[in-house]
Amino acid sequence: MPAEVFGRLERAVNDADADLVAELVECHWSYLIRTDAALLVQAVRSVPQDLLPQHPGVALVQELFAPIRPVIIERDAPLLEQATRTYADLPDPRARVGVGLASMLALTRRGRFTEAATFGRGLVQLGLDLLDPGYADGSSVPALELHTGIAHLMSADFTAAERHLSAAYRDLSPFSNHALDAAGKLAFLHALRGESHLATIWLARASSRQPDSKDWWLSSTERQSIAAAHMLVAIDQLNWADYHQHNLTEDMAVPSENWMYVVYARARAGLFLGNQRILIDELHDLRDQVPLIFSRDSLPSMLLDTSELDLLVRLGDLDAAAAIAERLGDHPLERIAAARYQLIIGNPQEAARIADESRWPVRISRRVRLNLLILGVTADLALRLNSDDRVRLLRQAAVETANEVEPWLFTLAVNDPATIQLLGRHAPETQPLLAKLKEIDPPRPFQLSRPTAPLTPREQVLLNRIAGPGSLDDIAADLHVSPATVRNQRKSLYRKLGATSRGHAVEIGIRNGLMSTDPPSGR
């Protein structure tokens with residue numbers, strides 16, 4: 001019983017019975033850390049160093065009270081390896097779960113997220129098999145599910161993360177923070193994927209848990225993922241008042257993976273707010289403070305690399321952007337940033353290859369699909385192709401946006417306006433969304449359009465008319481001029497646009513925002 005544990009541990013510490021202290025810590029630390037952290041700290045500090053090889057879990061629990069520093073990680077590396085090898089042989093099932101959980105958290109703190117996630121899956125099953133559902137503290141299985149979900153999230157395995165975090169939320173636990181943290185991480189996960197309605201549901205669930213979650217000493221840190229989810233939902237809607245309401249102040253910053261969520265949300269907003277250099281410095285500061293969590297192919301690395309790449313592109317610092325682009329992997333989040341970068345540097349062939357549907361993973365979110373579809377259309381435009389595939393991709397993009405408006409404003413606002421005009425022409429389902437975007441009129445972070453010589457009003461009319469199906473004779477008749485006059489105006493129009501054909505002129509007109517969004521009429 002927990003009361004018995006407190007009494008036994010206090011007596012063992014007072015009696016300097018280090019072996020008993022170590023055994024009790026290994027069995028019950030995950031309960032003690034949420035109920036009497038001061039007693040737990042006193043207990044782990046009372047275990048002498050020469051006893052830690054027999055009880056490596058105690059050293060790993062000690063780590064939880066220290067910053068994530070390489071010197072600590074290096075010191076405890078042999079003890080972690082020993083713990084992961086021997087935890088399953090411990091005679092007490094609670095010790096197996098306790099040492100296993102401490103080992104999983106230690107792997108996570110070292111940035112070994114994929115290893116931690118695999119280890120956690122086995123631990124969850126072990127906890128279900130070994131622990132009586134009526135076990136007095138009732139916290140072990142929810143804790144295993146929660147931290148396994150976090151490990152999956154940090155390794156960018158969103159499907160598995162959602163499964164384990166949902167289980168942690170549902171499992172009965174004496175600690176509201178288990179459900180609060182799980183709900184906050186799920187809200188961030190869905191906001192990251194562009195699923196604003198689901199993110200909002202999980203934010204409401206997190207809010208319902210907060211009144212009961214005030215005493216946990218890491219509450220402010222865990223709330224950072226909740227704040228970041230609120231910020232991302234607001235950014236999707238380009239709702240800056242709501243964004244600033246949830247943007248955490250500097251005194252909340254604690255160097256941890258949770259602060260990474262907030263930094264990422266700030267970087268997304270920075271594409272519009274004009275503080276790119278400040279945010280790039282903030283990204284670098286976070287890397288310097290907790291370097292271990294930025295392991296290769298991890299979510300922290302993906303989020304910060306793609307954010308910094310976009311911010312550098314926004315600033316026009318393409319040399320610095322190139323260094324980051326070279327290290328991007330093949331994760332869908334990285335593909336979006338990579339394709340956009342390739343378009344910016346004038347390599348639409350590579351952008352088209354990256355965005356090609358045939359290379360999409362089996363499981364991608366709606367946000368990723370929408371981004372890749374639109375980037376594919378932009379690459380198609382840049383390649384000056386007259387492609388039926390372009391219209392097909394635009395219509396697919398319309399399907400992604402037809403049922404919702406506000407959650408997609410950010411995604412469209414960061415793309416080339418020429419592509420957005422095409423969307424309006426060929427996917428009328430998106431008109432409410434485009435009307436809302438025009439009403440907000442945000443700055444364009446990624447402007448691929450090129451300036452052209454100003455057109456006369458007659459040339460402007462002609463440009464819109466040649467986008468339609470009519471012949472030059474038809475256009476001349478509609479405009480009440482001779483065909484020769486239309487041909488001369490067309491020659492002047494081509495010269496100003498740098499176009500070589502009718503289709504090329506239309507594409508350049510679209511790219512430079514010279515086309516009407518209304519479908520051209522024929523005779």
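Remember, predicted model here, so these are calculated numbers, not experimental data.
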Note, [X] side chain near [Y] side chain (heavy atom, < 4.5 Å):
X	Y	result
S295	S301	no
L128	V141	yes
M154	R112	no
M231	H244	no
H284	E308	yes
L318	L312	no
E63	L80	no
R359	R335	yes

Rounded distance [0.5 Å steps], [atom1] in [X] versus [atom2] in [Y]:
X	Y	atom1	atom2	result
D76	R109	CG	CZ	9.5 Å
L393	L422	CG	CG	11.0 Å
L409	I235	CG	CD1	12.5 Å

Item to complete: Go through the steps for L423 and V377 under the test side-chain contact (heavy atoms from CB on, under 4.5 Å), then give the verdict.
Response: CA-CA 9 Å; L423 193 64; V377 173; over 6 Å; no

Looking at [Y], is its backbone amide N or carbonyl O close enough to the side chain of [X] to form a donor-acceptor pair, meaning the two atoms are under 3.5 Å apart?
X	Y	answer
R266	Y261	no
E400	R367	no
R314	Q276	no
T401	A397	yes
W29	G98	yes
T148	E145	no
Q224	W259	yes
E334	G329	yes
R209	H178	no
H55	G57	no

Locate the shortest heavy-atom distance separating [X] from [Y]; write the atom from each residue and the value.
X	Y	value
T108	A116	OG1-CB, 3.4 Å
G270	L279	CA-CD1, 3.3 Å
L123	L144	O-CD1, 3.4 Å
L309	A321	CD1-O, 3.3 Å

Near [X] [atom1], under 6.0 Å, is it more than 12 heavy atoms from other residues, nucleotides or ligands?
X	atom1	result
I278	CD1	no
R45	CZ	no
D288	CG	yes

Worksheet item: Checking side-chain contact (heavy atoms from CB on, under 4.5 Å) for the pair L303/F294: CA distance, chi angles, key distance, verdict?
Response: CA-CA 10 Å; L303 293 185; F294 296 101; over 6 Å; no

Fill in: salt_bridge(D317, R277) N-O dist < 4.0 Å
yes

Worksheet item: Relative to each other, are the rings of Y31 and F175 parallel, tilted or perpendicular (30° and 60° limits)?
Response: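 Aromatic pair Y31/F175 classed tilted.
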
Discussion item. In terms of relative ring orientation, are W240 and F272 parallel, tilted or perpendicular, with 30° and 60° separating the classes?
Written reply: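 W240 vs F272 ring planes: tilted.
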
Fill in: Side-chain H-bond candidate by donor/acceptor type, S173 with D171, under 3.5 Å
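Absent: no donor and acceptor within the cut-off.
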
Worksheet item: Taking atom types as modelled and ignoring hydrogens, do the side chains of Q342 and Q349 form a donor-acceptor contact shorter than 3.5 angstrom?
Response: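 No donor-acceptor contact under 3.5 Å links the two side chains.
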
Worksheet item: Can you tell which of T378, N371, D416 makes a side-chain hydrogen bond (donor to acceptor under 3.5 Å, both in side chains) with R340?
Response: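 Of the listed options, the one satisfying the test is N371.
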
Item to complete: Apply side-chain contact (heavy atoms from CB on, under 4.5 Å) to K185 and N258, showing your working.
Response: CA-CA 9 Å; K185 297 296 191 300; N258 287 287; 2.9 Å; yes

Fill in: W202/F188 aromatic ring centres below 6.0 Å
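Here the rings of F188 and W202 have centres that are no less than 6.0 Å from each other.
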
Worksheet item: When the ring centroid of F119 is compared with that of Y87, is the distance short of 6.0 Å?
Response: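 Yes; Y87 has its ring centre under 6.0 Å from that of F119.
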
Item to complete: Test M302 against S298 for side-chain contact (heavy atoms from CB on, under 4.5 Å), laying out the working first.
Response: CA-CA 6 Å; M302 291 177 194; S298 69; over 6 Å; no

